[in-house]
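Some notes on the structure that comes next.
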Amino acid sequence: MRLLTLWLLLQLANTSAQTPTLPNFVLPSTPPTVQHNTQLLGNAWAGGLNNPQFSTIDLDNNGTLDLFVFDRSTNRVLTFINNNTPNQTSYQFAPQYAAYFPANMHDWAILTDLNHDGLNDLITYGVASIQYYTASRQPNNALLFSLVTTNLRFVSNGTPTPIPANPVDIPAFVDVNKDGDLDILQFDFIGRYMEYYENQALENTGTPSSNEFFLLADACWGKFSEDANSNTITLNDNCTGGYATPMQDAKLTRHSGSSVLPYDFNNDNQLDLLIGDVSHRNLVQLLNNGTPSSALITQLDLQFPSYNQPVDLYLFPQPFMFDANNDQLLDLVVATNEKRSQTFNHINWHKNINTNANPVFEWQTNAFLVDDMIDVGVRSYPTFVDYNADGLLDLFIGNLGTFDTTTQQYSHAALTLYQNVGSNQQPNFELVSNNYNNLANLAQMGLYPAFADLDNDGDTDLLAGDEAGNLHYFTNIAAPNEPLNLQLQQANFISIANADAAVPCLFDINNDQKPDLMVGEKAGKLSYYLNTTVGNTLSFALQSSFWGNVDVRTLGSPFGYSSPAIGIFNTDTLLFVASESGRVFVYNNLQSATFNLLTDSLTNINQGGRGGLALAQAINQNYWLAIGSNRGGLAFNTAQINHVGIAQSAPNTPISAFVQQNTAYLQGLSIGKQYVFMAYNLLGKPIMQQTFWADAVNHQISLPPNLPNGIYLGRLTTNNNQQLVGFKWINAH
């Protein structure tokens, strides 16, 4: 077997001591492509969808309605530009527009033109109330949303009173009485009767412009009721069941949870309804045979659309109507609104094949928009590793599992593998398996991966955390230079005391050429285990259950869901910790008792939390950062290293270095001076360290034998850490 080597010298950072500079992670201009079989994913790095809520708005002011998505599972806004390709869904993920919208929205957010100025305004959940923001267009075409009120109000006995709202049901804004302004239809707090709040703008101002004050015109609109414990509809209800206030509702055993979409489905000039229920899979259509001033529901379709493929979503279907495929017809898109629910095949698109006056819906897909993204379900924990010994960094993603509708739990967590079919300079990923090595058969809740050589046999093994706080040890039994073949060596190898959601990170923190273990957890702290392995029998010893005093919980939250990763940036070792809040914390001074917090919000990255992150260094001297979240997808960012380019050595240093036949050759040393040589893999893990006194101007160092194919970095410093020369090589057997 012949070792081929390609050498590139690295330009070194300033050798004097510097204050650490945070890497500036940005969206790359050319992100890695991602392919599923023959399908190239157009929005691969959008981050996945769990409980999306869809609205339309012209984001870029080009006259075409784009897509605003608010995902309830992470309270995050995703924005998509509509490329306006006729008869096609042609949305392009454009995250820069999400900055237009207010931060800290939660539970639900919809867009509608409440003030009739031609721009859709923002309506979102407050504190048991409805918040209202007006939209305006700035001179640079940017949208600005300005808070009007934290609670839309109705007049009750002459007193303005907040319209009650809850975090589950999304109110519908629609012109009920045909007077030109937008009224409100929503279920009461019990979820039994449909309430109609009439907009008083026309009455008070003479125009349909927005008005804070509504009138509860009908507490039982349509004269129907929904059963308190099912989605059974009673027609011609006398509506004497009473109205539950928010305080009374707190005592009920069934929380409200009913979606509503009003539309005139049969072109009789009366508003009909589609409703879903928190406990059921189907949509029910209610046809109105009353008048604008006195609605009366008389007909039901209990499995809408019964004439085609009925909606069947577990659980709590929430319907939306918009033109999904640029054919000028309003389509039906239905997503699950329950956070603990299925997260595969959970967004239905039913295309309108008739007219807007008489829509007829034909099922198209159960994975609208999300089929164009990386999405592993609930929670995504990425890591980069060369799985097939070709020298390229591939991508593994762990998840929480799939939702079992019988047990109401997540189980059968799996590893999804994307192979790098591009290069380490411009990676491109192709799906290999969504259940690598059939690890889903272990029926674990949570599989959160970290890879390293754990048994000293020269290949890559796996430690995987789970939701119960256990770490499972897998050894690689593949032959040399063959793809990883992971075999469970020991289940529950380590159980993290009093911790849930254990997320491991393997990194040689004490430079003894053995990977140490850092573990994140639900409580937001980190544990540190020293690698005490002797021979090939893996062992770790707990050193700290509150490592570095790291705590990534935010004020008022009991959870942190810390997920650590460690990387070397220039000469500084940095700890990155993803958090429940979605922010990424960064620390240095990792040898101290309390680490130094450099930032609690790296480059304003925020994917929504409950996911992991992965760091790697590419051949073009960029760092990669893949960030997961509860939505199951990934974001991909890169950061440029300060020492980009090629240089012989540090200033005023005649030393140079290269590698040949598994030996590092150092030239131009000072006789009698002490030096430190370090070698790393691309994940920043040291693979060797050697301190020596130079007895000649040239010195040879044998590299570790049987290094796997890949890219490696070498660094020579003085004994006081003054950096002298750096270099890179590629192993290819």
Side-chain angles (χ1 to χ4, degrees), residues 378-381 383 396 398-401 404 407 409-415 437 439-456 460-476 486-510 514-553 558-566 575 577-580 610-613 628 630:
V378 175
R379 304 202 200 162
S380 44
Y381 290 85
T383 187
F396 276 101
N399 68 359
L400 182 64
D404 188 314
T407 65
Q409 297 292 330
Y410 292 92
S411 65
H412 295 84
L415 289 185
N437 277 171
L439 297 188
N441 293 345
L442 299 174
Q444 293 290 334
M445 182 189 297
L447 204 60
Y448 313 142
F451 289 93
D453 182 3
L454 299 174
D455 55 5
N456 293 320
T460 301
D461 309 299
L462 169 68
L463 270 184
D466 69 16
E467 195 62 13
N470 302 309
L471 297 180
H472 310 281
Y473 174 30
F474 298 81
T475 55
N476 180 11
L486 300 169
Q487 181 179 79
L488 181 62
Q489 181 74 14
Q490 185 176 342
N492 303 327
F493 176 71
I494 295 176
S495 294
I496 311 300
N498 303 313
D500 295 321
V503 183
C505 168
L506 293 165
F507 188 89
D508 183 8
I509 202 68
N510 63 347
K514 294 187 291 188
D516 304 303
L517 172 65
M518 287 61 68
V519 187
E521 58 175 279
K522 182 177 180 179
K525 300 178 182 180
L526 299 178
S527 297
Y528 166 46
Y529 291 79
L530 179 68
N531 191 326
T532 56
T533 299
V534 176
N536 59 4
T537 302
L538 181 64
S539 64
F540 293 99
L542 178 64
Q543 304 297 300
S544 173
S545 57
F546 193 12
W547 190 46
N549 290 325
V550 169
D551 187 345
V552 296
R553 291 176 297 176
F559 306 132
Y561 283 94
S562 52
S563 180
I566 299 177
L575 168 67
V577 188
S579 67
E580 161 80 344
R610 298 201 185 185
L613 49 81
N630 196 60

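Just so we're clear, the structure is a prediction, and the values are computed from it rather than from any experiment.
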Any donor-acceptor N or O pair under 3.5 Å, side chains Tyr410, Glu467: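 No, Glu467 and Tyr410 have no side-chain donor paired with an acceptor closer than 3.5 Å.
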
- request: Verify the distance criterion only: is there a donor paired with an acceptor across the side chains of Thr532 and Ser539 at less than 3.5 Å?
  value: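 A pair is found: one side chain offers a donor N or O, the other an acceptor, under 3.5 Å apart.
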
- prompt: Do the side chain of His472 and the main chain of Ala464 share a donor and acceptor less than 3.5 angstrom apart?
  reply: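 No, His472 side chain to Ala464 backbone: no donor-acceptor pair under 3.5 Å.
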
query: Is there a donor-acceptor pair under 3.5 Å between the side chain of Ser562 and the backbone N or O of Glu521?
result: yes

- prompt: For Asn456, what residues pass the side-chain hydrogen bond (donor to acceptor under 3.5 Å, both in side chains) criterion, not counting sequence neighbours?
  reply: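 Listed in chain order: nothing, the list is empty.
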
- prompt: For Ser579, which residues count as a side-chain hydrogen bond (donor to acceptor under 3.5 Å, both in side chains) partner, sequence neighbours excluded?
  reply: Ser581

Do [X] and [Y] touch side chain to side chain, with heavy atoms closer than 4.5 Å?
X      : Y      : result
Asp453 : Thr460 : no
Leu439 : Phe474 : yes
Leu506 : Leu463 : yes
Asn476 : Leu454 : no
Thr475 : Leu486 : no
Tyr529 : Ile494 : yes
Ile566 : Cys505 : yes
Tyr381 : Asn399 : no

Closest non-hydrogen atom pair between [X] and [Y], with its separation:
X      : Y      : value
Ala565 : Leu613 : CB-CD1, 3.0 Å
Met518 : Pro564 : O-CG, 4.1 Å
Asn536 : Asp455 : CB-O, 3.0 Å
Gly560 : Val552 : O-CG2, 3.7 Å
Gly612 : Ser563 : CA-OG, 3.2 Å
Ser527 : Ile496 : OG-CG2, 4.1 Å

field: Between Phe451 and Phe396, ring centroids under 6.0 Å
entry: yes

Spatial distance of atom [atom1] ([X]) from atom [atom2] ([Y]) [nearest 0.5 Å]:
X      : Y      : atom1 : atom2 : answer
Arg379 : Tyr561 : CZ    : OH    : 4.5 Å
Asp461 : Gln487 : CG    : CD    : 11.0 Å
Ser545 : Tyr528 : OG    : OH    : 14.0 Å
His412 : Asn441 : NE2   : CG    : 7.0 Å
Asn531 : Leu517 : CG    : CG    : 8.5 Å
Leu488 : Asn437 : CG    : CG    : 11.5 Å

- request: Kindly indicate, with the supporting measurements, whether the criterion side chain to side chain contact (heavy atoms under 4.5 Å, CB included) is fulfilled by Val519 and Leu471.
  value: CA-CA 9 Å; Val519 187; Leu471 297 180; 4.0 Å; yes

task: Report the relative orientation of the aromatic rings in Phe493 and Tyr473; use parallel for angles under 30°, tilted for 30 to 60°, perpendicular for over 60°.
output: tilted

Verdict with reasoning, Arg553 to Glu580, per salt bridge (charged side-chain N to carboxylate O under 4.0 Å, His left out): CA-CA 7 Å; Arg553 291 176 297 176; Glu580 161 80 344; over 6 Å; no

message: Tell me whether Lys525 forms a cation-pi arrangement with Phe546, defined as NZ or CZ under 6.0 Å from the six-membered ring centre and within 45 degrees of its axis.
response: yes

query: Is there any side chain to side chain donor-acceptor pair (under 3.5 Å) pair reaching into residues 495-507, and which pairs are they, with sequence neighbours excluded?
result: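 Matches after skipping sequence neighbours: Asn470-Ser495.
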
Leu530/Leu542 under side chain to side chain contact (heavy atoms under 4.5 Å, CB included): CA gap, chis, key distance, verdict: CA-CA 6 Å; Leu530 179 68; Leu542 178 64; over 6 Å; no

